[in-house]
Peer 1: 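I'd like to ask you about the structure that follows.
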Amino acid sequence: MSDLPPPAQSLRTALSVHALIAVAILVVVAVSGGGAAKALGIAALYFVLVGGWSWFRIWRGSRKQRTSSSAEEHR
């Protein structure tokens, strides 16, 4: 097990929130009578982009923590 604290926001939590927002986009378009195919594409694109960004931010944060903790061990 790692001695590092868990990230403040887990990837699963971030993806769940963004999935709910993508579904909200679809609901708004359905209620307003918009095109379902275009809305599905936009919601999917949104989810992929923000999901990738969330993964990158969490990965980069954990990488920084590992780097700083290993630098402190070498002192």
Side-chain angles (χ1 to χ4, degrees):
M1 224 36 180
S2 174
D3 292 339
L4 298 174
Q9 180 182 17
S10 71
L11 183 59
R12 184 183 323 154
T13 303
L15 292 178
S16 298
V17 168
H18 293 306
L20 289 174
I21 293 171
V23 169
I25 291 170
L26 294 174
V27 169
V28 168
V29 170
V31 169
S32 66
K38 187 175 181 179
L40 186 60
I42 290 171
L45 181 64
Y46 166 80
F47 182 75
V48 168
L49 290 176
V50 299
W53 180 251
S54 296
W55 170 82
F56 174 73
R57 298 275 302 185
I58 291 170
W59 174 78
R60 187 174 66 173
S62 66
R63 186 172 167 212
K64 282 183 180 179
Q65 286 178 345
R66 282 193 306 257
T67 306
S68 66
S69 66
S70 66
E72 289 175 5
E73 289 175 2
H74 290 13
R75 288 183 180 178

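When a residue number appears, it is its place in the shown sequence, counting from 1.
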Peer 1: When hydrophobic residues are tied together by side-chain contacts of less than 4.5 Å, even through go-betweens, does Ile21 share a cluster with Val23?
Peer 2: no

Peer 1: Looking only at non-hydrogen atoms, find the nearest pair between Gly35 and Val29 and report the distance.
Peer 2: O-CG1, 3.7 Å

Peer 1: Can you see which heavy atom on Ser54 is nearest to which on Leu11, and at what distance?
Peer 2: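 In this case the closest contact between Ser54 and Leu11 is C-CD1, 4.2 Å.
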
Peer 1: Locate the shortest heavy-atom distance separating Ala22 from Phe47; write the atom from each residue and the value.
Peer 2: CB-CB, 4.5 Å

Peer 1: For His18 versus Tyr46, what's the shortest heavy-atom pair and its separation?
Peer 2: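 Taking every non-hydrogen atom into account, ND1-OH, 3.1 Å.
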
Peer 1: Is Val27 linked to Leu40 within one hydrophobic cluster, defined over Ile, Leu, Val, Met, Phe, Trp and Tyr using a side-chain heavy-atom separation of less than 4.5 Å?
Peer 2: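 Different clusters.
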
Peer 1: May I ask you to decide if the ring planes of Phe56 and Trp59 are parallel, tilted or perpendicular, using 30° and 60° as cut-offs?
Peer 2: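 Taking Trp59 first and then Phe56, their aromatic rings sit tilted (interplane angle of 30° to 60°).
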
Peer 1: Testing the 3.5 Å rule here: is there a donor-acceptor pair between the side chains of Ser16 and Thr13?
Peer 2: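 No, no side-chain donor-acceptor pair sits under 3.5 Å.
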
Peer 1: Can you hop from Trp53 to Leu15 via hydrophobic side chains spaced under 4.5 Å?
Peer 2: yes

